[in-house]
Amino acid sequence: MYKAAQLFGHRTMFTFAQHKIKGVAVIQKKNVLDLNDFTADLRDNIREFFGRKVSLKLVSVSHIDSSNGSAKLSENALLQNWISTEEGLITGQTTYSIEFDCDSNFGTPGAFFIANSHADEFFLNSLSLQVPGHGNVHFDCNSWVYPASAYNRDRVFFCNRSYLPANTPHPLKELRNEELRSLRGEYDGMAETERKEWDRVYDYDFYNDLGEPDKGAYLSRPVLGGSQHFPYPRRGRTGRPPTKTDPATESRLPLHETLDIYVPRDERFGHLKLSDFLANALKSIVQLLIPELKSLFHSDANEFDSFEDIMKLYSDGIKLPDNPILQAAKKFIPLELIKQFLTTDGGKLLKFPLPQVIATDEFAWRKDEEFARQMLAGADPAIIQRLQSFPPKSKLDPEMYGPQISSITASHIEKNLDGLTVEQALEDNKLFILDHHDVFMPYVNRINTQSTKIYASRTILFLKKDGTLKPVAIELSLPPSDQSQESVRKVFTPAGEGVEGALWQLAKAYVVINDSGYHQLISHWLKTHAVTEPFIIATNRQLSVMHPIHKLLSPHFRDTMNINATGRQILINAEGVLESTVFPGKYALEMSSVVYKDWRFDEQGLPADLLKRGMAVSDESMPNGLKLMIEDYPYAVDGLEIWFAIDSWVKEYLSLYYQNDDAVKSDKELQAWWSEIKNVGHGDKKDETWWYSMETVEEVGKALTAIIWVASALHAAVNFGQYPYGGYMPNRPALSRRFIPEEGSQEFSEMVENPELFLLRTISNRFQATLGIALIEILSRHSTDEVYLGQRATSEWIDDERVIEAFERFVKNLKDIERNITQRNQDPNLKNRSGPAQVPYTLLYPNTSDMAHKGGLTGKGIPNSVSI
């Protein structure tokens with residue numbers, strides 16, 4: 001145990017001859033990274049002048065101090081020339097020289113302590129040392145260092161070499177354990193306190209901070225997690241006090257303090273990421289101008305009158321009047337971050353870029369082929385299933401939700417099966433289904449008590465000879481209700497013109513509305529963001545930064561806790577943006593909890609998912625042992641190449657550290673990590689039998705490959721296509737405001753008279769569409785500091801040539817995949833690669849080769865992590 005006073009309060013007396021170790025520390029000062037604090041450097045310079053400096057001590061990796069049995073330490077050393085050193089070429093980075101006096105038999109440094117006696121924190125990028133007789137020793141730090149008074153333990157950093165716990169050099173073992181205990185908050189009761197900005201504590205909590213019952217019952221939301229009724233993954237704990245009305249609900253921060261919501265300091269956005277996020281958020285007016293937009297879109301102006309009216313969002317924009325909200329926003333967001341928000345004449349416009357889906361053909365989205373293609377290569381391509389029995393059958397209670405057997409019959413679809421019978425089409429694996437029936441049916445009546453009106457849908461599709469799909473029937477269902485004791489089931493079949501054509505377009509819109517809601521709540525939020533956070537928390541609590549698995553996974557966890565915390569504050573909270581733009585409204589997160597009941601970690605890998613959905617079958621004659629049921633399935637084709645590249649990299653990496661299964665079983669940190677994931681992080685699933693036992697190298701590899709896949713490729717596939725496809729609202733409406741009209745009604749007459757206007761009056765209105773488009777524009781943008789799959793934030797991320805060589809092979813595989821994707825997109829025989837809308841499928845293009853980091857709405861690139 002090493003106290004700051006012990007380390008930095010006196011000079012250690014050495015009996016051996018001295019030698020010097022010279023080094024360079026790379027630091028970014030607070031005044032450079034903090035958007036509003038421009039006086040931090042002055043305060044630190046004053047402290048420097050009066051001798052309050054930054055002190056470091058080295059820890060030997062190989063020698064023990066015989067006088068106390070602890071690791072041998074260097075003498076105290078100070079960063080030199082803090083006041084006079086100028087910033088370097090890389091924005092904000094400054095290099096400082098440092099010189100350590102060491103015992104001549106000190107050996108190689110394996111760690112160092114640091115104490116900041118300044119008034120403000122700084123970001124420590126790295127420390128590089130030239131050690132006589134040993135060469136260069138590098139410490140990749142990437143951490144905020146606050147004044148020493150903020151910590152009850154000394155900050156320690158370890159060198160870039162990885163060790164399993166049993167192989168840790170003896171002088172570093174206790175430091176390794178102490179650092180983990182500190183991150184778990186085990187010292188001085190930190191586990192029970194409200195978190196402060198400088199804390200580094202990782203702990204778990206339920207999703208109990210979504211509602212605000214103190215403001216009224218309408219803002220109450222159930223606690224997600226910790227119950228059989230509402231199971232959920234855990235989130236990072238903030239320790240805020242409970243609300244007065246409901247002790248089970250945690251109080252929330254005011255909206256203007258959103259950026260201050262607690263996550264461990266090193267999990268927060270970096271400078272460039274934060275700049276991009278704030279600029280895009282202001283440009284898109286998410287949250288900041290919701291009241292203003294509502295008043296702007298008064299009842300007479302809150303509707304789109306034509307598709308041309310919608311197109312004005314991209315050509316003319318929306319003129320925003322001066323208002324106090326915008327002026328307040330400018331006060332805490334620097335002008336340089338909002339320059340793209342202002343037009344050249346100074347007028348304030350809410351103007352959106354043209355989405356890809358309408359960039360080439362404004363009406364291609366209406367075609368049945370494009371409607372079906374987006375199930376294979378659109379914003380959510382991981383839901384479609386092969387239909388293996390006909391008619392489809394529900395698993396729900398028929399007493400509550402109506403007949404289990406679908407009302408779609410053979411006569412409905414056989415006219416569109418190119419001469420095949422239903423039985424022949426099933427046998428030939430040519431029938432597929434987009435099934436949103438059982439997920440939504442239990443909530444339909446509750447959802448429809450709000451302003452939205454939805455159905456539970458089933459869509460059956462047929463695989464044509466050219467490899468494309470065509471929809472052959474849509475079923476829209478309502479359960480029995482107080483108004484009707486009978487369930488409602490309507491079946492629609494393809495039609496191009498007249499009344500039937502108008503009804504078919506409406507039916508497709510209801511299907512897409514279901515798909516949009518499922519996509520945002522389940523495919524995107526639950527299955528990437530929410531399920532990943534427990535792995536991040538457990539990794540930091542149970543795996544030392546020296547553990548090879550921590551080193552492997554940490555790039556895939558960057559920014560996730562921060563974006564999730566921000567999401568809880570402004571997106572998925574009661575009456576947040578998501579509830580305002582997606583049809584389930586206040587039931588949104590509750591519904592995702594119900595779906596989580598069926599979540600299985602062992603099914604999150606792509607091969608397992610494809611097999612489960614019947615989109616692939618096992619076939620040992622195929623290169624990867626799988627045969628796709630639709631050969632031109634862009635998400636699956638590209639995804640499998642990515643999956644097996646990750647799998648190969650993970651297996652090779654593990655082989656460098658685990659020589660056999662016994663090494664896995666004896667790895668105490670690994671076993672504690674996995675136990676905590678099962679029993680705490682995903683604690684509502686702790687009794688499931690499908691969890692890996694984590695006793696073999698193979699099981700470790702399966703788990704790690706799945707974690708990396710979900711955090712990188714799966715998230716990219718379901719996130720960055722949102723604006724290219726959903727940025728044009730009619731292509732992916734997120735809610736509906738009325739039901740299919742009944743023949744003979746006034747609404748039916750309105751539909752017949754003007755089908756286009758009726759559709760626009762049914763789906764999202766102007767305010768809802770504008771807010772939704774603003775949200776997905778932010779979510780779909782790559783940041784300028786994006787680190788893509790196959791890239792690392794620094795070149796010296798690990799000190800092991802074997803690992804570097806294996807990683808270079810992984811990079812080569814990814815660049816080969818980039819070429820493969822480019823070639824497939826140029827193949828005219830692969831019609832699903834771009835479709836009628838001519839949007840090439842690039843969502844799983846790794847972008848490993850891109851070092852320009854321009855960011856933006858590129859529609860391609862797999863970031864390492866769930867970072868937006």
Side-chain angles (χ1 to χ4, degrees), residues 371-372 375 380 383-384 391-398 400-409 412-413 433-461 471-495 499-500 502-522 581-585 587-588 591 594-595 730-743 745 747-748 751 755 758-764 768:
F371 168 75
M375 300 178 197
D380 193 6
I383 305 303
I384 188 171
K393 185 177 181 180
S394 170
K395 296 179 181 178
L396 300 175
D397 183 355
M400 296 181 65
Y401 303 111
Q404 292 181 321
I405 303 297
S406 169
S407 57
I408 300 174
T409 65
H412 284 124
I413 68 174
I433 185 170
L434 186 71
D435 194 345
H436 290 307
H437 182 278
D438 284 12
V439 170
F440 292 127
M441 199 66 158
Y443 278 86
V444 164
N445 284 337
R446 279 178 281 177
I447 290 170
N448 288 342
T449 62
Q450 305 174 111
S451 59
T452 53
K453 299 293 181 280
I454 69 155
Y455 298 88
S457 66
R458 293 184 178 107
T459 305
I460 295 181
L461 306 105
V472 293
I474 292 172
E475 180 185 45
L476 303 178
S477 301
L478 298 173
S481 65
D482 294 338
Q483 290 74 35
S484 173
Q485 297 304 308
E486 298 293 326
S487 61
V488 174
R489 298 188 295 169
K490 299 174 180 287
V491 177
F492 302 89
T493 56
V499 173
E500 297 302 317
L503 288 170
W504 176 244
Q505 289 296 333
L506 277 174
K508 289 196 295 182
Y510 284 105
V511 170
V512 175
I513 288 164
N514 275 186
D515 199 58
S516 294
Y518 189 94
H519 166 245
Q520 284 288 18
L521 299 174
I522 313 302
T581 59
V582 179
F583 70 83
Y587 301 107
M591 282 181 56
V594 173
V595 173
N731 181 59
R732 281 190 74 78
L735 54 83
S736 54
R737 294 175 283 155
R738 53 184 173 182
F739 295 120
I740 291 275
E742 297 293 337
E743 190 169 359
S745 66
E747 287 187 336
F748 193 87
M751 183 196 71
F758 189 88
L759 173 65
L760 294 176
R761 292 290 194 269
T762 298
I763 56 180
S764 309
Q768 293 161 340

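Computed from a predicted structure; not experimentally measured.
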For the residue pair H519 / S516, report whether a side-chain donor-acceptor contact shorter than 3.5 Å exists.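 Checked: S516/H519 side chains show no N/O donor-acceptor pair below 3.5 Å.
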Say whether T762 and R738, considering side chains only, have a donor N or O and an acceptor N or O under 3.5 Å apart.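 T762 vs R738: donor-acceptor pair found between side chains.
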Has R737 got a side-chain atom pairing as donor or acceptor with T452's backbone, closer than 3.5 angstrom?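 Between the backbone of T452 and the side chain of R737 there is no qualifying donor-acceptor contact (under 3.5 Å).
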Backbone N/O of N448 and side chain of K453: donor-acceptor pair under 3.5 Å: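 Between the backbone of N448 and the side chain of K453 there is a qualifying donor-acceptor contact (under 3.5 Å).
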Spacing of [atom1] belonging to [X] relative to [atom2] belonging to [Y], to within rounding of 0.5 Å:
X    : Y    : atom1 : atom2 : result
I460 : I408 : CD1   : CD1   : 4.0 Å
M751 : S745 : CE    : OG    : 8.5 Å
S736 : N514 : OG    : CG    : 8.5 Å

Non-hydrogen atoms of [X] and [Y] that approach each other most closely:
X    : Y    : result
V472 : T493 : O-CG2, 3.8 Å
V511 : F371 : CG1-CZ, 3.9 Å
V582 : G517 : CG1-CA, 3.6 Å
P480 : N445 : O-ND2, 2.8 Å
Q450 : G585 : OE1-CA, 3.9 Å

Between E747 and R761 (salt bridge meaning N to carboxylate O under 4.0 Å), is one present in this structure?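 Judged by the 4.0 Å cut-off on N to carboxylate O distance, E747 and R761 do not form a salt bridge.
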Strictly under 6.0 Å, is that where the ring centroids of Y510 and F492 end up?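 Not close enough - the centres of the two rings lie 6.0 Å or further apart.
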Which class fits the ring pair Y455 and F739: parallel under 30°, tilted 30 to 60°, perpendicular over 60°?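 Y455 and F739: perpendicular rings.
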Candidate list K395, M441, H437, test side chain to side chain contact (heavy atoms under 4.5 Å, CB included), partner Y401, passing option: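 The residue from K395, M441, H437 that satisfies side chain to side chain contact (heavy atoms under 4.5 Å, CB included) with Y401 turns out to be M441.
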